[in-house]
A.B. asks: 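Please read through the structure below; I'll follow up with questions.
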Amino acid sequence: MLCARTAAGAVIKRCFSTSVVVTRPEDHKGTEEAAIYVHWPYCEKRCSYCNFNKYISRSDNEGALRSCLVKEAGTLLQLSQVRRITSVFFGGGTPSLASPSTIAAVLDEISCHALLERDAEITLEANPTSSERSRLHGFREAGVNRISVGLQSLDDKELHLLGRTHTASETLHTLHEARQLFPGRTSVDIIFGLPGQSLDSWQHSLQHLLTVCDDHLSLYQLTLERGTSLFRLVNEGLLPPPDPDLTAHMYDDARNTLSAAGFRHYEVSNFARNGALSTHNQSYWLGKQYIGVGPGAHGRFVPRGSGGVRREARIQTLEPEPWMREVTLYGHGTRKVTLLSDLDVLSETLVLGLRTDTGITHDHWQRVSNSMSLHHVFGSSEEIIELQQERLLLLDERGLRCSWKGLAVLDSLLLPLISQLQKVWNNQEQNENI
C-alpha cells in the first residue's frame with residue numbers, strides 16, 4: 001500500500017504572511033526527519049469542558065476534507081524536504097469519525113514523499129461511540145498501529161457532567177476491543193479534578209482503570225476554559241469550583257498508584273510501562289521537527305524546499321471551510337509563519353524538555369546551543385540554586401531535570417528558569433556587540 005518514495009524538494013507558493021529574510025544558516029542536523037500531526041476537526045458534539053478547535057461533524061464533505069488533507073500533507077512534505085517520518089498522529093476533534101479510507105489516503109500520500117517505515121508509530125484518537133470493532137479493524141488495515149481511547153472517566157455521572165456521548169459500559173467495551181486489535185499499543189485518556197469529584201471516587205476510578213487498561217495512560221487535570229458550558233456553570237455558582245489542594249492530592253495519588261503498578265511517569269501527564277512510551281509525543285518534548293496538517297494544526301520545521309535554513313513555527317487556518325478553500329488555491333492552508341530565533345528555540349527546548357523525567361541532557365542542550373552550556377546558564381543563579389536545595393531541580397552530570405517532587409509543580413519553576421535564560425542570553429548579546 002505504501003509508496004516509500006522520497007521527497008523531490010519542489011519550491012512551493014509561500015503562505016499569506018510576509019516572507020522573512022534569513023541571516024544566519026541553521027545547522028541541518030536533525031532536519032532530515034519529522035513527525036506529522038493530522039488534525040480531524042469534527043466531533044459528534046462539543047463536550048462541556050472543551051474549547052479545542054473542533055466542529056460538529058458533517059456527513060457530506062468527507063471527500064473534500066480528505067482531498068485537502070492529502071494535498072496539504074504533500075505540499076508541506078515537499079516544503080520541508082524531510083526524508084523520513086518517525087510517527088503520524090491523527091488527532092482532533094474525533095478522527096475515529098473519519099473513514100478508514102481517509103486515513104489510508106493520507107498515509108499513502110505521506111509515504112510517497114518520505115520514508116514511512118512499517119514500524120513507525122501511527123496513532124489515531126478514538127471515542128467509544130465511533131469505534132466499534134469493525135471500524136477499529138478498518139483503521140488497522142489502513143495502517144494505524146496505535147489507538148488512543150478518550151475514555152475520560154469510568155463513572156457515568158462524571159461522563160454526563162463532561163458532556164460525553166458514551167457510558168462507562170460502552171467505554172469498557174471499546175477498550176476491550178481496542179486492546180485485542182492493538183495489544184500493548186492502546187492508550188487511554190482520563191480527566192481528574194472535576195467539580196464535586198472526591199478523592200475516594202478518584203482512587204476508585206484509578207483502581208478500576210488498572211484492571212482494564214493497557215500500557216499507556218494520559219492523565220489530564222480539568223481546566224475550566226472560558227466559553228465552555230462547564231465554565232459557565234461553575235461561574236454562575238451552579239457547580240462547585242474544583243479545589244486546587246484536592247486536585248493536587250489527586251495528582252500525587254495517581255502518580256504513586258501508577259508507579260506502584262509498574263508505570264513510569266515519563267512526562268508530566270503521561271505514564272507508560274513495558275516500554276510503551278509514545279514516540280510521537282516524545283518528538284515534541286525533545287524539540288524535534290513536526291509538520292502540522294489540517295485545520296488549526298501547528299508545526300515546527302525548516303522549510304528547506306523554499307530555501308529556508310531556520311526553523312519556523314507554522315499555524316494552519318482554524319476553520320475547516322476557509323482552510324479547504326486555501327488548500328485548494330495554494331496547496332496548503334498555512335495562515336501564520338513565525339521565524340524562530342535562537343532564543344525561541346532554546347526557550348522551547350527548556351520548557352518542553354523539563355516536562356519529561358529525563359529532562360535535558362548536556363548533549364541535547366549543546367546541539368541547540370553551542371555557545372552556552374547548562375552550567376553556564378543556570379549554575380550560578382541564586383534562585384536556581386535555591387530550587388536545587390529545595391530538591392525541585394537537579395543540575396548534574398546528566399543535565400537539567402525536575403525531581404519527582406519538582407515535576408508535580410513544573411509550572412512554578414518555569415518562570416525563574418526562563419528569566420535566567422533570557423538574562424544570560426541578553427548579557428552574551430551585549431558582550432558580543434561591545
A.B. asks: Evaluate whether atom CZ of Arg133 has more than 12 neighbouring non-hydrogen atoms of other residues, nucleotides or ligands under 6.0 angstrom away.
C.D. replies: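 Enclosed: over 12 neighbouring heavy atoms sit under 6.0 Å from CZ of Arg133.
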A.B. asks: For the residue pair Ser373 and His375, confirm or rule out a side-chain donor-acceptor distance under 3.5 Å.
C.D. replies: no
A.B. asks: Are the side chain of Thr317 and the backbone of Gly333 linked by a donor-acceptor contact shorter than 3.5 Å?
C.D. replies: yes
A.B. asks: Are Ile85 and Leu115 close enough that some pair of their side-chain heavy atoms sits under 4.5 Å apart?
C.D. replies: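 Side-chain contact under 4.5 Å: no.
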A.B. asks: Just checking, any donor-acceptor pair under 3.5 angstrom between side chains of Gln316 and Thr334?
C.D. replies: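 Yes, a side-chain donor-acceptor pair sits under 3.5 Å.
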A.B. asks: Could you tell me if the side chain of Leu65 sits less than 4.5 Å from the side chain of Trp323, heavy atoms only?
C.D. replies: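 They are in side-chain contact.
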A.B. asks: With rounding to the nearest 0.5 Å, note down the distance linking CD in Gln180 to CG in Leu175.
C.D. replies: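 The CD atom of Gln180 sits 10.5 Å away from the CG atom of Leu175.
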A.B. asks: Can you find a pair of side-chain heavy atoms, one from Ile36 and one from Phe89, that are under 4.5 Å apart?
C.D. replies: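 When only atoms from C-beta onward are counted, Phe89 and Ile36 do not touch, as no gap falls below 4.5 Å.
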A.B. asks: Can you check whether Asp243's main-chain N or O pairs, donor with acceptor, with Thr247's side chain at less than 3.5 Å?
C.D. replies: yes
A.B. asks: Just checking, is any N or O donor in the side chain of Trp40 or Glu125 under 3.5 Å from an acceptor N or O on the other one?
C.D. replies: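 Absent: no donor and acceptor within the cut-off.
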A.B. asks: Which class fits the ring pair His265 and Trp404: parallel under 30°, tilted 30 to 60°, perpendicular over 60°?
C.D. replies: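 Perpendicular: the ring planes of His265 and Trp404 meet at over 60°.
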A.B. asks: Does this structure show an ion pair linking Asp342 with Arg310, if we count only N-O contacts that are shorter than 4.0 Å?
C.D. replies: yes
A.B. asks: Sub-3.5 Å donor-acceptor pair from the side chain of Ser201 to the main-chain atoms of Ser198, do we have one?
C.D. replies: yes
A.B. asks: Drop me the distance from Arg232's CZ to Leu239's CG, to the nearest 0.5 angstrom.
C.D. replies: 9.5 Å
A.B. asks: Please work out which of the three classes, parallel, tilted or perpendicular, describes the rings of His204 and His208, given edges at 30° and 60°.
C.D. replies: tilted
A.B. asks: Does this structure show an ion pair linking Arg311 with Asp344, if we count only N-O contacts that are shorter than 4.0 Å?
C.D. replies: no
A.B. asks: At what distance, to the nearest 0.5 angstrom, does SG of Cys68 lie from CD of Glu321?
C.D. replies: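 So the gap between those two atoms works out to 9.5 Å.
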A.B. asks: Are the side chains of Met372 and Val424 in contact, using a 4.5 Å heavy-atom criterion?
C.D. replies: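 The answer is yes; the side chains approach within 4.5 Å.
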A.B. asks: Do His166 and Thr171 pair up side chain to side chain, a donor and an acceptor below 3.5 Å, judged on atom types alone?
C.D. replies: yes
A.B. asks: Are side-chain heavy atoms of Phe263 and Leu217 found at a separation under 4.5 Å?
C.D. replies: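 Touching, per the 4.5 Å side-chain cut-off.
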A.B. asks: Any heavy-atom pair between the side chains of Thr86 and Glu121 that's under 4.5 Å?
C.D. replies: no
A.B. asks: Under 6.0 Å between the ring centres of His216 and Tyr266?
C.D. replies: yes
A.B. asks: Hey, which of Arg304, Lys288, Arg84 is the one that makes salt bridge (Lys or Arg N to Asp or Glu O under 4.0 Å) with Glu32?
C.D. replies: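 That would be Arg304; it is the only one of Arg304, Lys288, Arg84 passing the salt bridge (Lys or Arg N to Asp or Glu O under 4.0 Å) with Glu32.
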A.B. asks: Would a distance-only check, ignoring hydrogens and angles, find a side-chain to backbone donor-acceptor pair under 3.5 Å from Gln289 to Glu33?
C.D. replies: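 It does hold such a pair.
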A.B. asks: Check whether any side-chain N or O of Asp156 sits under 3.5 Å from a backbone N or O of Ala168 as a donor-acceptor pair, and report yes or no.
C.D. replies: yes
A.B. asks: Tell me whether the count of non-hydrogen atoms from other residues, nucleotides or ligands lying under 6.0 Å of CD in Glu236 goes above 12.
C.D. replies: yes
A.B. asks: Aromatic contact between Tyr284 and Tyr290, with the criterion being ring centroids under 6.0 Å apart: yes or no?
C.D. replies: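 Yes; Tyr290 has its ring centre under 6.0 Å from that of Tyr284.
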A.B. asks: So, the side chain of Glu177 versus the backbone of Leu136: is there a donor-acceptor pair under 3.5 Å, distance only?
C.D. replies: no
A.B. asks: When you compare the side chains of Gln197 and Glu158, does any donor N or O come within less than 3.5 Å of an acceptor on the partner?
C.D. replies: yes
A.B. asks: Using a strict 4.0 Å threshold on nitrogen-to-oxygen distance, state whether Arg335 and Glu319 make a salt bridge.
C.D. replies: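 Salt bridge between Arg335 and Glu319, a charged N being under 4.0 Å from a carboxylate O: no.
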A.B. asks: Going through the distances and angles, do Asp357 and Arg401 end up as a salt bridge (charged side-chain N to carboxylate O under 4.0 Å, His left out)?
C.D. replies: CA-CA 7 Å; Asp357 62 345; Arg401 63 193 181 281; over 6 Å; no
A.B. asks: Can a salt bridge be assigned to the pair Glu390 and Lys405 using a cut-off of 4.0 Å between side-chain N and carboxylate O?
C.D. replies: no
A.B. asks: Taking it one step at a time, do Cys402 and Leu394 satisfy side-chain contact (heavy atoms from CB on, under 4.5 Å)?
C.D. replies: CA-CA 6 Å; Cys402 293; Leu394 298 168; over 6 Å; no
A.B. asks: Strictly distance-based, threshold 3.5 Å: is any side-chain N or O of Arg179 a donor or acceptor partner for the main-chain N or O of Cys213?
C.D. replies: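 Pair found, side chain donor or acceptor close to backbone of Cys213.
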A.B. asks: Do the side chain of Arg135 and the main chain of Ser96 share a donor and acceptor less than 3.5 angstrom apart?
C.D. replies: yes
A.B. asks: Please check this pair: side chain of Asp253 against backbone of His249, looking for a donor-acceptor N/O pair closer than 3.5 Å.
C.D. replies: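 Between the backbone of His249 and the side chain of Asp253 there is no qualifying donor-acceptor contact (under 3.5 Å).
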A.B. asks: Please check if any side-chain donor atom of Glu62 sits under 3.5 Å from a side-chain acceptor atom of Thr102, or the reverse.
C.D. replies: yes
A.B. asks: Is there a side-chain contact between Leu210 and Leu258 in this structure, where contact means two heavy atoms from C-beta onward sitting under 4.5 Å apart?
C.D. replies: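 Side chain of Leu210 against side chain of Leu258, heavy atoms only: contact under 4.5 Å found.
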A.B. asks: Under a 4.0 Å threshold between the charged nitrogen and the carboxylate oxygen, would Glu109 count as salt-bridged to Lys71?
C.D. replies: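 Salt bridge absent between Lys71 and Glu109.
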A.B. asks: Just how far is it from atom CD of Gln388 to atom CD1 of Ile385, taken to the nearest 0.5 Å?
C.D. replies: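 Those atoms lie 6.5 Å apart.
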A.B. asks: Donor-acceptor check, side chain of Ser111 to backbone of Asp108, threshold 3.5 angstrom: yes or no?
C.D. replies: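 Present.
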A.B. asks: Does a side-chain heavy-atom distance below 4.5 Å link Arg146 with His280?
C.D. replies: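 No, every pair of side-chain atoms sits at 4.5 Å or beyond.
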A.B. asks: Do Arg185 and Asp214 sit within salt-bridge range, that is, some charged N less than 4.0 Å from a carboxylate O?
C.D. replies: no
